[in-house]
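For reference, the structure discussed in these notes is given below.
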Amino acid sequence: MALHDTAKTGFTQGKLYDENRPSYTDQVVDTIAQQIEDSHSHTEYDVLELGAGTGKFTKRIWPKLKNKSYLATEPSEGFLATLQQQCPGIKTVRCAASDIPLPDDSVKAVICAQCFHWFSTPESMDEIKRVMCQEGKLFLLWNVKDRNVEWVDTLIKILRQNQPPLPNYYTMNWKEDIDHYSGFKLQQLLELPGVEFGGSVDDLVKNAQSVSVVASMPKDEQDKLSERVRQYLIDIHQDKEYIKVPFKTMLFVYSKV
């Protein structure tokens with residue numbers, strides 16, 4: 001199964017990720033759900049979710065969809081097990097975006113929540129286009145920490161310091177990839193208010209530990225970085241019991257060309 005090495009090693013602990021990552025706002029969930037409900041194409045599946053992870057987005061949107069067929073896919077065994085526990089009523093399959101086990105034109109909507117940057121390759125986009133019906137839509141969305149806030153930007157730099165360049169939302173390499181691909185056309189771009197997320201210093205350290213670049217480190221390096229993050233947060237926020245992390249939600253909607 002074709003996966004980035006950091007995704008292979010960094011996305012194994014489903015419980016850690018599920019407990020320490022933010023969910024999604026009603027606004028972005030409702031926006032996507034409404035567009036799916038408005039589609040009247042007849043396909044094998046109404047929704048295919050790629051890189052569903054531990055089900056953070058899956059369990060938010062599934063109750064909003066009435067009588068819709070939903071397939072959630074995830075390449076990581078550890079994440080898939082958590083996804084199945086969190087969303088017991090949803091059909092799941094283990095697969096990568098570059099090898100989707102569905103026939104041509106069998107899906108009305110494809111959703112990639114917090115993950116498209118990991119597989120924005122021609123091979124994966126060919127597969128997504130293949131399984132989407134002609135009237136289908138591709139929804140790409142991210143919870144994004146607001147790097148316009150100085151302490152947040154510094155925190156992200158601490159997490160990525162001395163690390164090789166890795167796929168992530170902020171580089172926008174994924175956007176260049178899909179823009180250069182002739183099979184999709186951007187229909188809608190929305191910057192929406194972000195999810196409410198925060199906690200104690202300990203909570204934010206655990207959130208940092210759930211980031212792939214950190215989770216894939218050897219244990220001793222993880223411990224050193226976690227302590228550095230802890231000290232930085234204490235220096236900035238002192239004795240605050242609750243630290244709010246500012247987020248925004250980015251939604252990109254593509255149609256098939």
Side-chain angles (χ1 to χ4, degrees), residues 1-4 7 24 27-53 57-58 60-62 64-75 91 93-144 166-192 248-257:
M1 193 177 297
L3 288 176
H4 193 284
Y24 295 87
Q27 185 176 7
V28 72
V29 172
D30 289 343
T31 298
I32 295 173
Q34 187 59 58
Q35 293 196 38
I36 294 171
E37 290 286 351
D38 288 345
S39 174
H40 300 293
S41 302
H42 297 288
T43 53
E44 182 176 349
Y45 286 100
D46 293 294
V47 180
L48 166 66
E49 186 180 356
L50 297 172
F57 186 79
T58 319
R60 290 286 285 116
I61 196 169
W62 172 242
K64 307 269 187 179
L65 301 174
K66 302 171 184 175
N67 302 313
K68 300 295 183 183
S69 52
Y70 199 108
L71 177 64
T73 70
E74 169 54 42
K91 183 175 180 181
V93 170
R94 186 181 179 216
C95 74
S98 57
D99 187 16
I100 303 170
L102 291 177
D104 296 356
D105 305 313
S106 58
V107 174
K108 185 184 301 182
V110 177
I111 297 174
C112 305
Q114 210 74 20
C115 62
F116 183 73
H117 53 274
W118 287 109
F119 50 82
S120 60
T121 63
E123 294 78 13
S124 293
M125 287 187 278
D126 282 345
E127 273 291 87
I128 294 169
K129 182 182 178 185
R130 180 184 67 79
V131 301
M132 277 176 60
C133 69
Q134 189 57 46
E135 300 78 21
K137 291 185 178 181
L138 170 62
F139 298 92
L140 310 180
L141 67 149
W142 285 267
N143 284 321
V144 181
L166 292 172
N168 64 81
Y169 171 84
Y170 302 103
T171 66
M172 300 302 283
N173 290 339
W174 62 270
K175 184 69 166 52
E176 292 182 14
D177 293 339
I178 196 168
D179 284 348
H180 291 155
Y181 182 77
S182 61
F184 296 114
K185 181 179 180 181
L186 181 64
Q187 295 289 339
Q188 189 176 25
L189 167 57
L190 295 175
E191 180 176 327
L192 303 172
K248 56 185 176 181
T249 301
M250 303 302 301
L251 172 62
F252 301 76
V253 184
Y254 291 84
S255 61
K256 181 175 175 177
V257 175

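None of the values given here were measured: they were computed from a predicted structure.
Considering CG of Leu71 and CG of Leu50, their distance stands at 8.5 Å, rounded to 0.5 Å. Atom CD1 in Ile61 sits 11.5 Å away from atom NZ in Lys68 (nearest 0.5 Å). Put simply, CD on Gln114 and CG on Leu140 are 11.5 Å apart, with the number rounded to the nearest 0.5 Å. Here CG of Leu190 is found 8.0 Å from CD of Gln27. Values are rounded to the nearest 0.5 Å. Remark: Leu186 CG to Lys175 NZ distance equals 5.5 Å, nearest 0.5 Å. With rounding to the nearest 0.5 angstrom, the SG atom of Cys95 is 7.0 Å from the CG atom of Leu48.
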For side-chain contact (heavy atoms from CB on, under 4.5 Å), just list the numbers for Ile178 and Ser120, CA-CA rounded to whole Å, side-chain angles, deciding distance to a tenth of an Å, and then say yes or no.
-> CA-CA 7 Å; Ile178 196 168; Ser120 60; over 6 Å; no
Taking it one step at a time, do Gln34 and Asp30 satisfy side-chain hydrogen bond (donor to acceptor under 3.5 Å, both in side chains)?
-> CA-CA 6 Å; Gln34 187 59 58; Asp30 289 343; over 6 Å; no
Step by step, would you call Tyr254 with Met132 a side-chain contact (heavy atoms from CB on, under 4.5 Å)?
-> CA-CA 11 Å; Tyr254 291 84; Met132 277 176 60; over 6 Å; no
Take Gln134 and Asp105, measure what side-chain contact (heavy atoms from CB on, under 4.5 Å) needs, and give me the verdict at the end.
-> CA-CA 7 Å; Gln134 189 57 46; Asp105 305 313; 5.9 Å; no
Could you give me the CA-CA distance, side-chain angles and deciding distance for Phe57 and Phe139, then say whether side-chain contact (heavy atoms from CB on, under 4.5 Å) is met?
-> CA-CA 12 Å; Phe57 186 79; Phe139 298 92; over 6 Å; no
Would you sort out whether Lys137 and Gln187 count as a side-chain hydrogen bond (donor to acceptor under 3.5 Å, both in side chains), showing the intermediate values?
-> CA-CA 9 Å; Lys137 291 185 178 181; Gln187 295 289 339; over 6 Å; no
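Between Ala109 and Ile36, the closest heavy-atom pair is CB-CG1, 3.9 Å. Closest non-hydrogen pair, Ala52 versus Ala72, comes out as CB-CB, 4.0 Å. Between Met125 and Asp177, the shortest heavy-atom distance links the atoms CE-O, 3.7 Å. In this structure, Trp142 and Cys115 approach most closely via the heavy-atom pair NE1-N, 4.1 Å. Summarising the geometry of Asp46 relative to Asn67, their closest heavy-atom pair is OD2-O, 4.3 Å, with the distance given to 0.1 Å. The shortest non-hydrogen separation linking Val29 to Lys64 is CG1-CG, 3.8 Å.
Ile32 places a side-chain heavy atom less than 4.5 Å from the side chain of Ile111. Counting heavy atoms from C-beta on, the side chains of Phe119 and Pro75 never come closer than 4.5 Å.
Just one residue in the list Thr31, Val28, Val144 forms a side-chain contact (heavy atoms from CB on, under 4.5 Å) with Thr249, and that residue is Val28.
Proximity of a side-chain donor or acceptor of Glu37 to a complementary backbone N or O of Lys66 within less than 3.5 Å is detected. Formation of a donor-acceptor pair under 3.5 Å by the Ser124 side chain with backbone atoms of Thr121 is not found in this model. In this structure a side-chain-to-backbone donor-acceptor pair under 3.5 Å is missing from Arg94 to Glu74. The main-chain N or O of Lys129 is found under 3.5 Å from a side-chain atom of Lys256 such that the two form a donor-acceptor pair. Side-chain atoms of Trp118 never come within 3.5 Å of backbone atoms of Pro167 as a donor-acceptor pair (strictly under, hydrogens ignored).
Using cut-offs of 30° and 60° on the angle between ring planes, the pair Tyr70 and Trp62 is perpendicular.
Tyr45 and Lys91 are linked by a side-chain donor-acceptor pair at a separation below 3.5 angstrom, with hydrogens and angles left out of the test.
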